[in-house]
S.K.: 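First the structure, then my questions, so here it is.
We count ligands from 1, going down the list as the structure has it; atoms in each ligand are counted the same way. By convention here, the first residue in the shown sequence is residue 1.
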Amino acid sequence: MLQKFLKEIVTLIAGKQAEEIVDLLDGTKYVNEFIIAKKLNLTINQTRNILYKISDQGLVSFIRKKDKRKGWYTYFWKIEILKSLEFLRNSILKKMEQINYQIKSRETKEFYVCPNCNIEFSEESALIHSFTCNECGNIVSRKDNSSSIKEYNKELDKLKKELEFVDAELKIEREKLEKVKVRVAKKEEKLNQKEKERKKLERKKNAPAKASKKTSSKSHVKKAKKSPAKISKKSKVSKKHK
Ligand SMILES: [Zn+2]
C-alpha cells in the first residue's frame with residue numbers, strides 16, 4: 001500500500017516514467033544510480049533528472065563517491081520514507097480541503113446542468129447565459145445537488161482512510177527513527193564510560209610520575225598509541241629545564 005502511494009507521489013512530481021523508481025529504491029540502503037538507470041532503461045542523465053526532481057521535494061537523498069581513476073562522481077540514492085509520508089499526508093489533507101469546499105458550495109449554492117452535454121454551470125454563469133447552454137443552446141435545468149454531495153462524501157471517506165493509513169505508517173517510521181536514536185545514544189554513552197575508565201586508570205598509572213594532567217589527557221585523545229609514560233618523561237624534562 002505504501003509502495004502504491006509512493007508511486008502516485010513520484011508520478012505526480014516527475015511523471016509516469018519515474019514511477020518504477022520506487023521499486024528500485026530502498027529506505028535504508030543507498031543504490032548506485034547506474035543500476036537504477038539500467039533497470040529503468042534510461043540514460044544516466046535522464047535518471048538523474050528524475051531523481052533531482054524528487055530530491056527537490058526531499059523525498060530522496062543521495063551520497064556521492066568520486067571514482068579515483070576516472071575522476072567523476074557516482075551518486076547513490078535512498079528514499080526518505082518519513083519525508084515521503086509527510087508529503088503524502090499534506091497532499092491528502094489538501095485534497096480533503098478541496099472536497100470539503102465543494103461540498104459546502106453544493107450545500108449552499110444552486111447549480112445548473114445541460115441535459116444534452118452534461119456540462120455544469122454555476123448560478124452566476126447560468127444567469128449570464130440566460131439559462132441556456134453555451135455549447136448547444138439547450139435550456140439548462142437546475143441540478144439536484146444531493147447526488148454530487150453523496151459522491152464527494154464517498155471520496156472524502158476514501159481519503160480519510162488513506163490518511164489513517166499514512167498516520168499509522170508515520171507512527172511506525174518515527175518510532176523506528178527514535179529507536180535508532182536511542183541505540184546511538186547508548187553506544188555513545190558506553191564509549192564515553194569506557195573512555196572515562198581508561199583515563200582514570202591512566203591517571204593512576206601516571207600518579208607517581210606526577211605528569212601534568214592536561215598534557216597526558218590531551219595527547220591521549222589525539223594519539224592513543226603514544227605511551228603515556230613517554231609523555232610524562234617529556235614533561236619532566238621540560239620542567240627541569242625551567
Ligand atoms: Zn448543452
S.K.: Report the C-alpha distance between Phe5 and Phe165 in whole Å, list the side-chain angles of each, state the deciding distance to 0.1 Å, and finish with yes or no for side-chain contact (heavy atoms from CB on, under 4.5 Å).
M.R.: CA-CA 10 Å; Phe5 281 136; Phe165 169 81; 3.4 Å; yes
S.K.: Do NZ/NE/NH1/NH2 and the carboxylate oxygens of Glu197 and Lys204 come within less than 4.0 Å?
M.R.: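 Looking at Lys204 together with Glu197, the answer is no, because their closest N to O distance does not fall below 4.0 Å.
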S.K.: Under 3.5 Å, side chain of Thr11 to main-chain N/O of Lys7, donor-acceptor pair present?
M.R.: yes
S.K.: Who are the side-chain contact (heavy atoms from CB on, under 4.5 Å) partners of Lys171, not counting sequence neighbours?
M.R.: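 Result, side-chain contact (heavy atoms from CB on, under 4.5 Å) vs Lys171: Glu175.
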S.K.: Any side-chain donor paired with an acceptor under 3.5 Å for Thr28 and Asp26?
M.R.: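 Side chains of Thr28 and Asp26: pair found under 3.5 Å.
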S.K.: Please check if any side-chain donor atom of Ser61 sits under 3.5 Å from a side-chain acceptor atom of Glu80, or the reverse.
M.R.: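 Judged by distance alone, the side chains do pair up.
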S.K.: Anything protein N/O/S under 2.8 Å from the Zn ion (ligand 1)? Just list residue and atom, please.
M.R.: Cys114 SG, Cys117 SG, Cys133 SG, Cys136 SG
